[in-house]
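One structure is given below, encoded as structure tokens.
When reading the values below, keep in mind they use all heavy atoms of this one structure, side chains included, and skip hydrogens, waters and symmetry mates. All figures in this text were calculated on a predicted structure; none of them were measured in a lab.
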Amino acid sequence: MEFERVLQCALDVTDIRSALLRDPTGRAARRLRDLALEATEEIATAVGDEYRDYLAALETRDAREAADGELWPVLAVLTPLVAAAASAVLLLMGYGLRLIEAAPRFAASVITAGWVLALTAAVTVSIGLWALLRTALRRRESTSDGRKSAGGTDVDRARERWRQALLERGLLPYLRSHLPE
């Protein structure tokens, strides 16, 4: 897909476009495009280093997103929920025991544990909201710079270097050498 986009850009370069316009039937443009598509591997070997850099940038981004995206969101959602539920159960149990005046020391311990879990739930909700706000601000800043995301810039630069090299060192020389007389 990317190769075909760059190929279309190459076919639109002035000297190639004007040479192809000399054929009123339009067959020369179609033939040249088909030749380039058949020679994809040959053309791509001219820019192998840039393509490897692009693939490495993609793998790095994907690994970073996988590492960031697996555990933290689960913890950010489950920790406050579990802490709040456990807090509610322990507080109800502790105050219930205190109300019926059974095992006062145990009731006090259960109430203390319930309040500690309530505090844990509040703190983890606050941390989750802070992380959400930070992520939103970071994405807003990166999109205002014209980029898709903060993690995408390396990939975007590597892709652009590969596309430029593919155009200049791969496709344009190939197309110029196969232009009709």
Exercise. How are the rings of Tyr51 and Trp162 set to each other: parallel, tilted or perpendicular (split at 30° and 60°)?
Worked result: tilted
For this session: Kindly compute the distance separating OG1 (Thr120) from CH2 (Trp115), expressed to the nearest 0.5 Å.
Result: 12.5 Å
For this session: Verify side chain to side chain contact (heavy atoms under 4.5 Å, CB included) between Leu7 and Leu175, making sure each step is shown before the conclusion.
Result: CA-CA 9 Å; Leu7 174 58; Leu175 294 175; 4.1 Å; yes
For this session: Look only at the side chain of Thr79 and the backbone of Ala76, and say whether a donor-acceptor pair between them is shorter than 3.5 Å.
Result: no
For this session: With rounding to the nearest 0.5 Å, note down the distance linking CD1 in Ile43 to CG in Leu167.
Result: 11.5 Å
For this session: Check whether any side-chain heavy atom of Ile16 lies under 4.5 Å from a side-chain heavy atom of Leu172, and answer yes or no.
Result: yes
Exercise. Going through the checks in order, is the side chain to side chain contact (heavy atoms under 4.5 Å, CB included) test met by Thr60 and Asp154?
Worked result: CA-CA 9 Å; Thr60 301; Asp154 291 340; over 6 Å; no
For this session: Kindly give the heavy-atom pair with the smallest separation between Pro180 and Leu20, and that separation in Å.
Result: CD-CD2, 4.3 Å
Problem set entry | Arg134, CZ atom: more than 12 neighbouring heavy atoms under 6.0 Å | yes
Problem set entry | Verify same cluster id: Val47, Leu58 (apolar side-chain graph, 4.5 Å) | yes
Problem set entry | Main-chain N/O of Gly114 paired to Ser87 side chain as donor or acceptor, under 3.5 Å | yes
Exercise. Any sub-3.5 Å donor-acceptor pair from Arg98's side-chain atoms to Ala107's backbone N or O?
Worked result: no
For this session: Could you tell me the separation between the CG atom of Leu90 and the OG1 atom of Thr112, rounded to the nearest 0.5 Å?
Result: 10.5 Å
Problem set entry | Positive for salt bridge (Lys or Arg N to Asp or Glu O under 4.0 Å) with Glu50, one of Arg161, Arg163, Arg169 | Arg169
Problem set entry | Joint hydrophobic cluster, Leu35 plus Leu21, side-chain heavy atoms closer than 4.5 Å | no
Problem set entry | Leu81 reachable from Val125 in the ILVMFWY side-chain graph, under 4.5 Å edges | no
Problem set entry | Glu160/Arg157 salt bridge by N-O under 4.0 Å criterion | no
Problem set entry | Pair Asp49 + Arg52, salt bridge at N-O below 4.0 Å | yes
Problem set entry | Over 12 foreign heavy atoms within 6.0 Å of CZ, Arg17 | yes
Problem set entry | Approximate separation, where rounding is to 0.5 Å, of Asp156 CG and Tyr54 OH | 8.5 Å
Exercise. With a 4.5 Å heavy-atom cut-off, do Leu171 and Val6 have their side chains touching?
Worked result: yes
Problem set entry | Single-linkage hydrophobic cluster, 4.5 Å side-chain cutoff, Val89 and Phe106 together | no
Problem set entry | From Tyr174 atom OH to Leu32 atom CG, the distance as rounded to the nearest 0.5 Å | 7.5 Å
Exercise. Do Arg30 and Thr25 have side chains that get closer than 4.5 Å, going by heavy atoms?
Worked result: no
For this session: Locate the shortest heavy-atom distance separating Ala158 from Ala57; write the atom from each residue and the value.
Result: CB-CB, 3.9 Å
Exercise. If you round to the nearest 0.5 Å, how far is CG of Leu179 from OG of Ser177?
Worked result: 8.0 Å
